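A short write-up of the structure that comes next.
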Amino acid sequence: DTAVSQTPKYLVTQMGNDKSIKCEQNLGHDTMYWYKQDSKKFLKIMFSYNNKELIINETVPNRFSPKSPDKAHLNLHINSLELGDSAVYFCASSQDLGLAGVRRETQYFGPGTRLLVL
Amino acid sequence: GENVEQHPSTLSVQEGDSAVIKCTYSDSASNYFPWYKQELGKRPQLIIDIRSNVGEKKDQRIAVTLNKTAKHFSLHITETQPEDSAVYFCAASPLTNRDDKIIFGKGTRLHILP
């Protein structure tokens, strides 16, 4: 069983288009993330959600809008795609310990979505 | 905010020899230091982690050391094998508040030479 899944795996699109990437986790985790990995393999956090609440919002263009319909899903919608958006986008999840609000540390990554903007 | 530096960016090691990857961090509040391995075309996966109350941790051929005073930590892989070829990421985080991020180093591409 896939713990963290993403769709689509590959996405090739024209500049200016709007696209969405979906993520689902079946681990029962409370927290989900979006990371961007550029061509140099640098992994950078974009957003995190805890129980559908936005917690981390890095300096990301507002063309990127995350949406968490429930704690098992975190989708990423990108408007007006630009060439520089080409990257691999990873979803991840981890488990909050609850009372102390401290996350269990291990982040489980999805397989990635390879986005190419032409 | 936290800044994590990782060296070297590329490392080639003869099969059977040891590999060492080093990282430094800037935020003294960081207390959690994971290492992730990413094989070509695959997702990053946790291979080992260490917390600030521990100086060293070992799991079979992999070990991690932490020097909190100097703010650096290292990954050691002994008796390297071809399947160790991958990109390795160190990371650091305080992980005490919900908005604490895990900050990744820029990665080390490890090549195991036959």
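Residue numbers begin at 1 in each chain, while the letters A, B, ... track the order of the sequences. All of these numbers come straight from a predicted model, not from anything done at the bench.
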Completion exercise
Looking only at heavy atoms, the pair that brings B/D100 and A/I56 closest together is O-CD1, 4.1 Å
Practice task
State plainly whether one hydrophobic cluster holds both A/V88 and A/L74, where clusters connect Ile, Leu, Val, Met, Phe, Trp and Tyr through side-chain heavy atoms under 4.5 angstrom apart.
Solution key: no
Tabulate below the donor-acceptor pairs under 3.5 Å that side-chain atoms of residues 63-74 of chain B make, not counting sequence neighbours, or state none.
| residue | atom | partner | partner atom | Å |
| --- | --- | --- | --- | --- |
| B/N67 | OD1 | B/T69 | N | 3.1 |
| B/N67 | OD1 | B/A70 | N | 2.9 |
| B/K68 | NZ | B/S30 | O | 3.1 |

Handout entry: Toward chain B, the part of A/Y35 with a non-hydrogen atom under 4.5 Å
Key = side chain
Exercise for the section: Using a cut-off of 6.0 Å, state whether more than 12 heavy atoms not belonging to A/Y108 lie near its atom OH. Expected result: no
Practice task
Determine, using the 4.5 Å side-chain heavy-atom cutoff (strictly less than), whether B/V20 and B/Y88 are members of one ILVMFWY cluster.
Solution key: no
Handout entry: Side-chain donor/acceptor of B/R43 to backbone N/O of A/A92, under 3.5 Å
Key = no
Handout entry: Exceeds 12 heavy-atom contacts within 6.0 angstrom, atom NZ of B/K22
Key = no
Practice task
Please answer: with hydrophobic residues joined when any side-chain heavy atoms are less than 4.5 Å apart, are B/V4 and B/L11 in the same cluster?
Solution key: yes
Handout entry: Structural part of A/E53 lying under 4.5 Å from a heavy atom of chain B
Key = side chain
Exercise for the section: Using the rule that two of Ile, Leu, Val, Met, Phe, Trp, Tyr join whenever any of their side-chain heavy atoms come within less than 4.5 Å, decide whether A/W34 and B/I103 are in one cluster. Expected result: no
Problem - ILVMFWY cluster, B/Y25 and B/Y32 together (side-chain gap under 4.5 Å) - result: no
Problem - Per-residue contact mode, B/K42 against chain A (heavy atom under 4.5 angstrom) - result: backbone
Problem - Proximal component of B/P44, with respect to chain A [non-hydrogen, under 4.5 Å] - result: both
Handout entry: Distance in Å, A/I55 CD1 paired with B/K101 NZ, rounded so as to fall on 0.5 Å steps
Key = 12.0 Å
Problem - Pick from A/R114, A/K44, A/K40, A/Q37 with the largest number of heavy-atom pairs that fall under 4.5 Å of chain B - result: A/Q37
Practice task
Would you check if A/F109 and B/Q38 make a side-chain contact, meaning some heavy-atom pair closer than 4.5 Å?
Solution key: no
Handout entry: Toward chain A, the part of B/Q45 with a non-hydrogen atom under 4.5 Å
Key = neither
Practice task
Select one option (side chain, backbone, both, neither) describing which atoms of B/F89 are under 4.5 Å from chain A's heavy atoms.
Solution key: side chain
Handout entry: Contact class of A/L43 relative to chain B, heavy atoms under 4.5 angstrom
Key = both
